[in-house]
Novice: 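Have a look at this one before I ask anything.
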Amino acid sequence: MLTVALPKGRIAEQTLEKFEKAFGEKFIFEDRKLILKKAGFTFLNVRNQDVPTYVMYGAADLGVVGLDVLEEKEYDLIKLLDLQLGQCKVAIGLKAGEELDWTKSQIKVATKHEKIAKKYFEQKAMAVEVIKLYGSIELAPLVGLSDCIVDIVETGTTMKQNGLEVGPTIMESSVYLISNKNSFYSKKDTILDLREKIEATL
Ligand code: PRP
C-alpha cells in the first residue's frame, strides 16, 4: 500500500492519467472527497504547497510536486522521477522597459517564492526586502508595492498582459514524483517498481 499526495487540479488529473496507463485502473476523486483508495494506492488531494509537508512528515510515502515548491520548502526529500508536467520557470518580472537597479541600497520584491527570491538576490550581494503575496503577484510593481516580482512563468502571457516583462530566469521547474527517505528505504522495491511503470508511460 502506497500513499501519494497529489496537488489539487490539473496536475493531479494528469498524474492520475499516468497511473491509469501504468496500472490499468481508473483513478478518479469523487466530488469533494480528499481521499481516493484503489488498487493498493491511497491518493490524497492536497494544496500544491502542502504536498512536501505530507511527504516530509510521512503522512504520504510519495508526492507529486513542482521543483519550485520543493525548493521553497527546503525539505530533504528524494526526487524519484521528472513527470514532465507543469514545465515552467521562476523568473524576475519587471515593468516593461525597466531594468533592475543594482545600485539601489535595497530592492523590494513581491513573491510567493520567498526563499527562492531571497537566495537569488543574496547570491548577487543585493539587499532585498521580500514581500510575501499569495497570488496576483503581477500587480505589485504596477501599484508601487515592489520594484519587481519573482513568479512562475509558463507562457509569459500573464506578465505581458499586465505590462510586465520577463526578466532573468532564476530556476527551471517541472513536476516531480518525490518520496521521503523513510518510505523509500522501507518500501524500496514497491517504489522503484512504481517509478519504472510510471516512467514507461512518459
Ligand atoms: C501562475 C503564476 C502566473 C501565471 C503564469 O499562477 O503566478 O500568474 O501562472 O502563467 P503564464 O506565464 O502562462 O501567464 P497559477 O496559474 O499557478 O495560479 P496561482 O497564482 O494561484 O498559483
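Counting starts at 1 for both ligands and their atoms, following the listed order. Index from 1, following the sequence.
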Novice: The test is side-chain hydrogen bond (donor to acceptor under 3.5 Å, both in side chains); show your working for S183 and N180 and say whether it passes.
Specialist: CA-CA 6 Å; S183 297; N180 63 62; 3.0 Å; yes
Novice: Specify the closest pair of heavy atoms between I137 and A110, including all atoms of both residues, with the distance to one decimal.
Specialist: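 Taking every non-hydrogen atom into account, CG2-O, 3.5 Å.
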Novice: Give the residue and atom name of whichever protein heavy atom lies nearest to atom 4 (C) of ligand 1, and the separation in Å to one decimal.
Specialist: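 Of the protein heavy atoms, T158 OG1, 3.6 Å lies nearest.
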Novice: Examine K38 relative to F41 and say whether NZ or CZ is less than 6.0 Å from the centre of the six-membered ring and inside a 45° cone about the ring axis.
Specialist: no
Novice: Would you verify that at least one protein heavy atom lies under 4.0 Å from atom 15 (P) of ligand 1, or report that none does?
Specialist: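 No.
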Novice: Among L81, D61, L62, which one satisfies side chain to side chain contact (heavy atoms under 4.5 Å, CB included) with S179?
Specialist: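 The passing option is L62.
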Novice: Among protein heavy atoms, which sits nearest to atom 6 (O) of ligand 1, and what does the distance come to when rounded to 0.1 Å?
Specialist: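 Nearest protein contact, heavy atoms only, for atom 6 (O) of ligand 1 is K112 NZ, 4.7 Å.
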Novice: For T155, counting its heavy atoms only, list the atoms of ligand 1 lying under 4.0 Å from any of them.
Specialist: 11 (P), 12 (O), 13 (O), 14 (O)
Novice: Which bit of M159 gets closer than 4.0 Å to ligand 1, counting heavy atoms only: side chain, backbone, both or neither?
Specialist: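 The answer is neither.
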Novice: Identify the protein heavy atom lying closest to atom 12 (O) of ligand 1, giving its residue, its atom name and the separation to 0.1 Å.
Specialist: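 Closest protein heavy atom to atom 12 (O) of ligand 1: G156 N, 2.6 Å.
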Novice: For D147, which of K108, K104, Q106 qualifies under side-chain hydrogen bond (donor to acceptor under 3.5 Å, both in side chains)?
Specialist: K104
Novice: Considering non-hydrogen atoms only, spot the tightest contact between T42 and K37 and give its length.
Specialist: OG1-CG, 3.6 Å
Novice: With heavy-atom distances below 4.0 Å as the criterion, list the atoms of ligand 1 near E138.
Specialist: 3 (C), 8 (O)
Novice: Report, in ascending order of atom number, the atoms of ligand 1 lying under 4.0 Å from any heavy atom of V153.
Specialist: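 The list of qualifying atoms is 12 (O).
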Novice: Could you point out which residue of E71, K112, E72, M171 forms a side chain to side chain contact (heavy atoms under 4.5 Å, CB included) with V90?
Specialist: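 When E71, K112, E72, M171 are each tested with V90, the side chain to side chain contact (heavy atoms under 4.5 Å, CB included) holds only for M171.
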Novice: Any protein heavy atom at under 4.0 Å, with atom 8 (O) of ligand 1 as the reference point?
Specialist: yes
Novice: Would you mind telling me if ligand 1 is within reach of the side chain of D151, the backbone, both or neither, using heavy atoms under 4.0 Å?
Specialist: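 Side chain only.
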Novice: So, for I116 and D68, which heavy atoms are closest and what is the spacing to 0.1 Å?
Specialist: CD1-O, 3.5 Å
Novice: With nothing but distance in play, are any N or O atoms of E154 less than 3.5 Å from an N or O of ligand 1?
Specialist: yes
Novice: Considering only the protein, which heavy-atom contact is closest to atom 5 (C) of ligand 1, and what is its distance?
Specialist: I152 O, 3.4 Å
